[in-house]
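Atoms within a ligand are numbered from 1 in the order they appear, just like the ligands themselves. Numbers here are sequence positions counted from 1.
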Amino acid sequence: MAQEYDVVVIGSGPGGYVAAIRAAQLGLTTACVEKWINAQSAPVLGGTCLNVGCIPSKALLESTHKFHEANTAFADHGIAVTQLAMDVSAMQQRKQAVVNKLTTGVSGLFEANGVALINGHGQLHEDCLVKVTAADGSITELKAGHVILAAGSVPVKIPPAPLQGDLIVDNVGALDMAAVPGRLGIIGAGVIGLEMASIWKRLGSEVVILEAMDKFLAVADQDIAREGLTLLKKQGLDIRLNTLVSATEVVDNQVKVSYKDSGGEVQQLTFDKLIVAVGRAPYTQGLLAADSGVQLDERGFVFVDNQCRTDAPNVFAIGDIVRGPMLAHKASEEGMMVADLIAGNQAETNYHCIPGVIYTHPEMAWVGRMEQDLKAEGVDYKVGKFPFAATGRAMAAHDTDGFVKLLADANTDRILGCHIIGAHASELIAQVVIAMEFGSSAEDLALTVFAHPSLSEAVHEAALAVGNHAIHMANRRARK
Ligand code: FAD
Ligand code: AMP
């Protein structure tokens, strides 16, 4: 006999666990199927984000930023540091403690909300039947009123660089290194590649990033990307664009990488470790039985409409397995929307207002439209830009790199997008996300009071600059 639930969620990443909790909060009997088990064969919740993604990467970025600051910036504040050393093992243990706290926290939330956890690999069949195969091969059948697919994504593999032990690794190995590699190669200058590069560079690795595209960070506003490239290169990251990796070979415990340089010449480099960070792909292996009725799109994502409905009745899909940015908060938002829709409530996700962040230092963060797209579409827009170097708080912190750039419609003044490169950009961007959610004009932000001294004043000044009224900028002509 199949166990019956109102909702069965497959996957407990930030999409699935949030959907399950919201469904339970709305009074629906809910089960979540998860197959992830740790080294001790215990089930682990939280998916990529909590275990091998957002959280461990940010834990290591924090640790290494503190180390780097102590190494390079404390002296400016008059702080003398002698015998500075990084204990990589202690850093990794702290990272794991943060991960454990959060993943057990999700288990606690499941218990508190009455979400049943079913451990094993879930497969969707016709009419919302989910068959779960446990590690011992036993099968449990779940019959659901609605199913939410939240199976996430996996790293893209490329033929020239197959993973090999702890020498050629993906994000999992990159976050777990036991020692600082002398020479570190990274394939891919995307978000993950740059964050991994920052972590190990700060601890002393010589880092070379090989990127096939000739444009740096095509996903970002090119103003931010240009500034980011300059600043990251200044930090010593060797970022080589227009560089296509064609082969790798492990010789004497080292990785030889062959690549075509920007002039088309084949070159070779040797590294102690190589990280493959060439993107992520939706994970649907074994997820859909032939009779599930769910269709994939041409890129392998589960095909959904704007409210995450698949082609199968009462089956939704959310997060990294569907179109849109592969971001934890996007997955969670979709999870909440879908749970609400199942409960009969009105719900939607505002895909125009999803912030993106790269946690390098300085951070890069954005929301809404990019200037190059507005230009290409012939939109009549205004730009307000303000450098952190002109804010008292950034000067006090001795952290003045970067700027805020606000884009607004030239006719209506409505905010169209914001792009920030600077310290704490991940926090600052939230102000503009809220403003855009409320349909604000740049003038609305300009008329808002911001605390002094704070980095947020750069957001305020950028809004003022849209109307040519920035106060702390000497080289602008005031407009009547
Ligand atoms: P996932 O988190 O991938 O979870 C899917 C879960 O489903 C997994 O636990 C998997 O075991 C389970 N599963 C899959 N198939 C089955 C099945 N058939 N049966 C049972 N269980 C199954 N995003 C951000 O927003 N901010 C960041 O700072 C950030 N940093 C990142 C850093 C790294 C190194 C990486 C790799 C990713 C990062 N991301 C970040 C992306 C983020 O991790 C993903 O967007 C997010 O995890 C997607 O959530 P999800 O719920 O869709 O899937
Ligand atoms: P992202 O999708 O943001 O994680 O970025 C991955 C990056 O890897 C992209 O910018 C790709 O251009 C890059 N990439 C993919 N394959 C290769 C390759 N063989 N050599 C170098 N870079 C690559």
> Nearest 0.5 Å, please: how far is CE in Met213 from CG in Leu244?
12.0 Å

> What atoms of ligand 2 come within less than 4.0 Å of a heavy atom belonging to Met213?
12 (O)

> Which protein heavy atom lies closest to atom 7 (C) of ligand 2, and at what distance to 0.1 Å?
Glu211 OE1, 3.5 Å

> Taking it one step at a time, do Glu363 and His361 satisfy side chain to side chain donor-acceptor pair (under 3.5 Å)?
CA-CA 5 Å; Glu363 293 177 349; His361 192 87; over 6 Å; no

> What residue and heavy atom of the protein are closest to atom 3 (O) of ligand 2, and at what distance?
Gly190 CA, 3.5 Å

> Ligand 2 and Val245, any nitrogen or oxygen pair closer than 3.5 angstrom?
yes

> Pair up each side-chain donor or acceptor in residues 249-256 with any protein partner under 3.5 Å, not counting sequence neighbours, and list the distances.
{"residue": "Gln254", "atom": "NE2", "partner": "Asp272", "partner atom": "OD1", "Å": "2.8"}

> What closest approach, in Å, do Ser57 and Met196 show between heavy atoms, and which atom pair accounts for it?
CB-CE, 4.1 Å

> Can you name the atoms of ligand 2, numbered from 1 with element, that are less than 4.0 Å from a heavy atom of Ile158?
19 (N)

> For the CD atom on Gln346, are there more than 12 heavy atoms of other groups (residues, nucleotides or ligands in this structure) within a distance under 6.0 Å?
no

> Can you figure out which of Thr243, Val278, Asp214, Val276 has its heavy atom closest to atom 16 (N) of ligand 2?
Val278

> Looking at Glu227 and Lys233, does any basic side-chain N land under 4.0 Å from a carboxylate oxygen?
no

> Could you pull out, from Ala220, Gly279, Ala281, the option with a heavy atom nearest to atom 4 (O) of ligand 2?
Gly279

> Taking 4.0 angstrom as the limit and counting only heavy atoms of Gly188, give me the atoms of ligand 2 inside it, by number and element.
7 (C), 8 (O), 13 (C)

> Relative to ligand 2, is Ala277 under 4.0 angstrom through side chain, backbone, both or neither, heavy atoms considered?
backbone

> Can you sort out which atoms of ligand 2 are near Ala212, meaning under 4.0 Å from one of its heavy atoms?
21 (C), 22 (N), 23 (C)

> Should we count CD of Gln372 as having more than 12 external heavy atoms under 6.0 Å?
yes

> Provide the number and element of each atom of ligand 2 under 4.0 Å from a heavy atom of Val191.
3 (O)

> Salt bridge check, Arg240 against Asp261: does any charged N sit closer than 4.0 Å to a carboxylate O?
no

> I need the contact residues for ligand 1: any residue with a non-hydrogen atom closer than 4.0 Å to the ligand, ordered by chain then number.
Ile10, Gly11, Ser12, Gly13, Pro14, Gly15, Gly16, Val33, Glu34, Lys35, Trp36, Gly47, Thr48, Cys49, Val52, Gly53, Cys54, Ser57, Lys58, Gly120, His121, Gly122, Ala150, Ala151, Gly152, Ser153, Asn171, Ile192, Met196, Arg280, Tyr283, Leu287, Gly319, Asp320, Met326, Leu327, Ala328, His329, Ala331, Tyr359

> Salt bridge between Asp297 and Arg323, side-chain N to carboxylate O under 4.0 Å?
no

> Counting only heavy atoms not in Gln307 (residues, nucleotides, ligands), do more than 12 fall under 6.0 Å from its CD?
yes

> Heavy-atom contacts under 4.0 Å between Ile192 and ligand 2: side chain, backbone, both, or neither?
neither

> Which atoms of ligand 2 sit under 4.0 Å from any heavy atom of Leu210?
21 (C), 22 (N)

> For Val219, is the nearest heavy atom under 4.0 Å from an atom of ligand 2?
no

> May I ask you to check whether over 12 heavy atoms, not counting those of Glu377, lie within 6.0 Å of atom CD?
yes

> State whether Lys58 and Glu62 are salt-bridged, where the test is any N-O pair (Lys NZ or Arg NE/NH1/NH2 against Asp/Glu carboxylate O) under 4.0 Å.
no

> Would one find more than 12 heavy atoms of other residues, nucleotides or ligands at under 6.0 Å from atom CZ of Phe301?
yes

